[in-house]
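Written out below as structure tokens is the structure these notes cover.
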Amino acid sequence: MSTDPAGTPPRYPMPRPAGCPFAPPEELLRRSREEPVFPVSLWSGRSPWLVTRYQDVRTVLSDTRFSVHRDLPGFPASSLGQVLRDRIAPTFVGMDDPEHARHRRMLIAEFGVRRIAALRPVVEETVAHLLDEMAARTGPVDLMEALAIPLPSMMICRILGVPYQDHEFIDKHLRIRLDIHSDADTVTRSSNEVEAYFVELIRAREHEPTDDLLGRLARDRVRTGELSRQQAAWTAALLLVAGHATTAHMIGLGTMVLLADPARAALLRDGDESQVATAVEELLRVLTVTHTGRRRVAKVDMELGGVRIRAGEGVIGAAELANRDPDQFPDPQTIDLARTPNHHLALGFGIHQCIGASLARLELQVAYPALLRRFPGLGLAVPAGDIEVVDASVVLASPEIPVTW
Ligand code: HEM
């Protein structure tokens, strides 16, 4: 990477060095300390501004001078798949207020703190059941397959009202969606298949509404003409995807971080609810699994972090770097599971802040302690360095984490 501001902009996202997959590349961290805002080059050949300081990233995420409209010419899309999907199946993640607020309001009650807290016994039961199945097996078990993937999948399927038996279909399309290298044909075919799948589920519920999110969308939004069947289908697909891989890889990679230090694992195993909640926030901060930045376009000329940004230019709020800004987080490279305050940006900020934040937190707060209590001798079955951590994906991911106990 060139550190010369006049040189070629560094590539973004930048591959993480082998052996150190959990922290952003040192070169990006160093550059962000020298220059808070600098251009980067994307897969598309575009060179948007990378905004790296905590306060500036909060500005990008909360200031109405920035837009998320993906059809604006300067939008710094994260992949070809994102461009195509937003054309085929636009959802409120790509809308500004007031349009965004109108769509988001339709879902907000479904993911409210109280409604999600009421799901705690269901999450506990689901985790206990998955851990029972895991305990019945011998030899190394893949933690992703045994717990990390099925838990969020079962929970979001239940909330939506999607049959969990269809999870292989869902998983296939999820992989296509998250892979930043998926080609145009594959993305188009996959988006159409997912739309058709959800349209059928919604159509059936228009006649016989069910007590789940899809049932309420069909009854209250589609039958009233507020949303078309397609729009409801796109919204459902968005929730399914957004609620799935993010949490799954937080469970997987978070467990790896815990197992790397017996004191960390002990804290999650023996800590009370409040200590566990605090620790989960730190895992969210250090991992920032949605590690390819929040994408926006400047609507007007402005100055940010000492740089002149012009209307129409792409801007990326690098939450993974902002979450290691020493002005906000003392000793940011240290994993301090008791860190407070910890107002990290791993779940976003501003109007597009993660709608599933309470659900994600609940799943993580239940999963880590239950896993470590059930298997006090839990450890990786292979050296940590042999476990693949994939950064060529919208979500920092590990396809497989073999464990023993
Ligand atoms: C640990 C797990 C999760 C992480 C790290 C995460 C991260 C994020 C982030 C960073 C954003 C902001 C995107 C932006 O500003 O451009 C976001 C938005 C969103 N998340 Fe999550 N998320 C997680 C779990 C979930 C779950 C369980 C759901 C299920 C409903 C969900 C649904 C959404 C939706 C629909 C949005 C878009 C909100 C909007 O545009 O108004 N997420 N998430």
| query | Is there side-chain contact between Leu80 and Ser182, with at least one heavy-atom pair below 4.5 Å? | reply | no

| Going by heavy atoms in the side chains, are Phe169 and His173 under 4.5 Å from each other? | yes

_I'd like to know if Asp132 and Arg374 make a salt bridge, using a cut-off of under 4.0 Å between side-chain N and carboxylate O._
yes

inquiry  = Both conditions, 6.0 Å and 45 degrees, for the charged tip of Arg104 above the ring of Phe92: are they met here?
reply    = no

Separation between CZ (Arg339) and OG1 (Thr334), nearest 0.5 Å, reads 7.0 Å

Item checked: CD (Gln353) with more than 12 external heavy atoms under 6.0 Å -> yes

Quiz item: With a 4.5 Å limit on heavy-atom distance, are the side chains of Arg294 and His352 in contact?
Solution: no

Query - Within-4.5 Å side-chain heavy-atom neighbours: Leu258 and Leu337 - result: yes

In short, Thr290 meets Ala346 closest at the heavy-atom pair OG1-O, 3.8 Å

Heavy-atom donor-acceptor pair, Thr288 side chain to His291 backbone, under 3.5 Å = no

| message | Taking the six-membered ring of Phe38 as reference, does the cationic atom of Arg31 (NZ for Lys, CZ for Arg) lie under 6.0 Å from its centre and within 45° of its axis? | response | yes

message: Can you confirm whether Glu208 is buried at CD, in the sense that more than 12 heavy atoms of other residues, nucleotides or ligands lie under 6.0 Å from that atom?
response: no

Is the shortest side-chain heavy-atom distance between Val280 and Tyr368 below 4.5 Å? yes

(request) Decide yes or no for Glu26 and Cys20: does some side-chain heavy atom of the first lie under 4.5 Å from some side-chain heavy atom of the second? (result) no

Would Ile159 and Leu359 count as a side chain to side chain contact (heavy atoms under 4.5 Å, CB included) here? Give the steps. CA-CA 10 Å; Ile159 290 171; Leu359 175 61; 3.7 Å; yes

Name the atoms and distances for all side-chain donor-acceptor pairs under 3.5 Å in residues 260-271, with sequence neighbours left out.
unit_1, atom_1, unit_2, atom_2, d
Asp261, OD1, Ala263, N, 2.9
Arg264, NH1, Val257, O, 2.8

Stepwise, does the side chain to side chain contact (heavy atoms under 4.5 Å, CB included) test hold for Phe198 with Val162? CA-CA 9 Å; Phe198 277 109; Val162 167; 3.6 Å; yes

Handout entry: More than 12 heavy atoms from other groups under 6.0 Å of CG on Asp211
Key = no

**Request:** Under the salt bridge (Lys or Arg N to Asp or Glu O under 4.0 Å) rule, what do Arg223 and Glu206 come out as? Steps first, then yes or no, please.
**Result:** CA-CA 7 Å; Arg223 261 183 10 197; Glu206 283 169 49; over 6 Å; no

dist Leu240:CG -> Ile170:CD1 (nearest 0.5 Å) comes out at 5.0 Å

Pairs under 3.5 angstrom only: tabulate donor-acceptor contacts from the side chains of residues 244-254 to other protein residues two or more places apart or in another chain.
unit_1, atom_1, unit_2, atom_2, d
His244, NE2, Ser153, OG, 3.2
Thr246, OG1, Ala242, O, 2.7
His249, ND1, Ser398, N, 3.2

In short, Glu195 meets Trp234 closest at the heavy-atom pair OE1-NE1, 2.9 Å

Query raised in the report: Hey, is Arg102 close enough to Glu99 for a salt bridge, meaning N to O under 4.0 Å?
Result: no

ask   = Under a 4.5 Å cut-off applied to non-hydrogen side-chain atoms, are Leu160 and Leu201 in contact?
value = no

task: With the side chain counted from C-beta on, respond yes when Pro24 and Arg324 share a heavy-atom pair under 4.5 Å apart, and no when they do not.
output: yes

- Given side chain to side chain contact (heavy atoms under 4.5 Å, CB included), test Leu147 with Thr255 step by step and report yes or no. CA-CA 11 Å; Leu147 174 70; Thr255 301; over 6 Å; no

In short, side chain to side chain donor-acceptor pair (under 3.5 Å) pairs touching residues 105-119 with sequence neighbours left out are Glu110-Arg115, Glu110-Arg216

